[in-house]
J.: 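Got a structure for you, written out below as structure tokens; questions coming shortly.
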Amino acid sequence: MKMLTNSFKGTFIPPPFKNPFLFSAILAPFHSDSDSASHHRPQSVFDKITNLDDALQLFDQMTQRQPLPSVVKFTQLLQAVTKMQHYSSSIHLFKQMAAIRAPVDVYTTAIAIKCCCQMSCTSEGFAIVAYGFKRGIVPNVITFSTLLNGLILEDKILEAEGLFKKLIKEKLCEPNVVMYSTMIKGLCKVSINETAIALLRLMDERGCKPNVMTYSTIIDSLCKDEMVDDALKLFNEMVLHKGILPNVVTYTSLIRGLCISGRWDDASKMLREMEDERISPNVITYNILVDALCKEGMAEDAEVVLNIMVDRGKLPNLVTYNSLIDGFCLLGDMRKAKEVFDLMKIRGHVPDVVTYSSLLNGYCKKSMIDEALHLFHEITDKGIKPNVVTYNTMLHGLFHVGWCKDAHELFNEMRAHNQIPPNAYTYRIVLEGLCNNHQVDEALSLFRLMGENKHDLDIVLYNILIDGASKCGKPDISMVLFNELSTKGLHPDVWTYNVMIGCFCREGVVREAKRLFLQMEEKGCQPDCVTYNVFLRGLLKNGQHDTIKMMLEEMDAKSFKIDASTCSMLLDRISSTSLDDSLLKLIDYHAFDIRASTMEVSLGVCIKISTETPRYLTGKSPTLNGRWADASKMLKEMEDKGISPNVLTYTILVDALCKEGKAEDAEVVLNIMVDRGKLPNLVTYNSLILTSSVCEVT
DNA sequence: GTAGGGTTAG
């Protein structure tokens, strides 16, 4: 709080009113003793205050009046300042009121407490309660709800729960629907949805009826945790059993939940349903659709949504444009991204750090490093403060093109200024960047330095290093790191095991890989699809064919799919007759979705460099479904980098084209690969044959 | 006459 007050320690020199008309309007009630004209006034003249300077000057006038204006006038002024979100000013005014013994009551203190809470200083809010006590102000359910909300905003859920229980136990106030809803929000914030629902039941039992906000809070939380079906169940209960009408927020949460679960049809049904109920989607609803479509690589569809919203009179805002720009950047379509960028400026929106970070990401992704660096400097020139995401994006871009020295300098700049401290992602990007550029030793020494600085040494960083060391031919480092996990109190996760199994297989120590494979299950870490694929490739590579059949059967039982490179290896071994071709039956070609996830794995090198970049930052995996333009660009990019496509690369293209019904194009690719001296293999022909036979039947 | 809770972006 000292910090807050310090910024105000100078004397108050009220600036001239920006709006003289407003000045007289506000002062009018104080000049006349008669209130006869009061019913012609709007509800409160304080509503008319639109800027802080006017409010501060008015406050100054009020404090000089004799006698002082009523507590209500002061409270209204304080509320006006608070509504403008000038929380620190509100607190300052409240303190001035206290200093001059201006009247305060339970309403005034509630506003001041809210301001403290909004500034993440809930403890100051409690101090105000104590101050109020001294002046005979008894906190009520609103005061406590505000404090409860403050603790939740600060992520102090346990303390919030403690306060909530104390209030009930000591009968300090009777919780009402707002207080219950606030506590429910806190529980939802840490994803304890079951407890939140239990509290919903409890309040009902205690005779406090939940309302649409209470339900919406839980529905939203379930949606965020991708438990949309549970959310829909609760939605039905609310509407059908409790007769509570959903509103735009309820629908918006559900639509978002359906979108993130990829349930586009259901999302559009829900949109129709809400419109049938005559609830208009608002800007947020539309923005969610725009954003979800962009994240799925459907920026063009998102643009259609944007135009629909304009048609319906809902003006897109900064968030809308930022999502769309990001969407086109993700697609690598910088021309469209720039087009939207220009459009938003024409329509009067000022691009912010998010806008610029997206564009930066787009340039980095396309290896347009000069453009990226130019933009990076332009951001500061425009007076926009780059944030940690901006820096992370730039760092990622520099590593991606192998400019390790520049990346290192930028990283040092971040650390030196301490204005923008690196976060967990920064360290991931830097360590991974160094490893990808064969600088494992640098990565390792940086990592050790971080340990001294007591940075979060999480399992993800270990995974990056273990993998990096192994891939750079330093398996001994991988082993050391893996073995020290337990001394750091860290538990290997499925990634760690996958990386280590891959490491042992690479080194030809299949026995050790197998030991880990068995160990992970014992330790409660279930092998995933990647584990099986990695291990299977290890077995194939090292000629250990005896357990392969069993592995394939296990994968089948768990519905894990074989990825492209495993499949290719397997077929290669079968065709070279060292493996029983009855195994072919175990490879389900129809289930072999080579287009999307497999493509990522097989084109690993390229994808790592480019497509994964933005998704990596958001923690989601890329989807390349139907992104032909991108695929072809990627092919060009890899050729530009001197990486020749191999049989697998071509086969993926052939298969993807076949699955899209473009068998003729696939045949062209087949001819190209032959021309370039890459011989089509069994999978290549199978893809083509499968398509032709389907065509003939239908 | 004056106070509290739920939905969107990198």
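To find a chain, count down the sequence lines: A is the first, B the second, and so on, and within it residues start at 1. In this text the structure is predicted, and so the values were computed from the model without any measurement.
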J.: Looking only at N and O atoms, is any donor in the side chain of A:Thr75 or the base of B:dT2 less than 3.5 Å from an acceptor on the other one?
T.: yes

J.: Would you kindly say whether A:Asp291 and A:Asn322 are connected by a side-chain donor-acceptor distance under 3.5 Å?
T.: no

J.: For the base of B:dG6, is there a side-chain donor-acceptor partner from A:Ser216 under 3.5 Å away?
T.: yes

J.: Distance criterion of 3.5 Å, no angle test: do you see the side chain of A:Thr217 paired donor-to-acceptor with the base of B:dG6?
T.: no

J.: B:dG6, OP1 or OP2 - any side-chain N/O from A:Lys185 closer than 4.0 Å?
T.: yes

J.: Are A:Thr250 and A:Ser216 close enough that a side-chain donor and a side-chain acceptor fall under 3.5 Å?
T.: yes

J.: Expressed in angstrom and rounded to an integer, what is the separation of A:Phe74 atom CZ from B:dG1 atom P?
T.: 20 Å

J.: To the nearest angstrom, how far is A:Phe235 atom CZ from B:dT7 atom C1'?
T.: 14 Å

J.: Pairs of donor and acceptor atoms involving the side chains of residues 171-180 of chain A, under 3.5 Å and at least two apart or interchain, shall be tabulated with distances.
T.:
{"residue": "A:Asn176", "atom": "OD1", "partner": "A:Val178", "partner atom": "N", "Å": "3.1"}
{"residue": "A:Asn176", "atom": "OD1", "partner": "A:Met179", "partner atom": "N", "Å": "3.0"}

J.: What integer distance in Å separates A:Ile260:CD1 from B:dT7:C1'?
T.: 12 Å

J.: Which heavy atom in A:Val290 sits nearest to a heavy atom in A:Leu306, and how many Å separate them?
T.: CG2-N, 4.4 Å

J.: Regarding B:dG10, can its base be found pairing with the side chain of A:Asn392 as donor and acceptor, where the two atoms are less than 3.5 Å apart?
T.: no

J.: Can you tell me the distance, in whole Å, between the CD1 atom of A:Ile288 and the P atom of B:dA9?
T.: 7 Å

J.: Should the side chain of A:Thr182 and the base of B:dG5 be counted as holding a donor-acceptor pair, with the cut-off at 3.5 Å?
T.: no

J.: Can you find a donor-acceptor pair, distance only, under 3.5 Å between A:Asp105 side chain and B:dA3 base?
T.: no

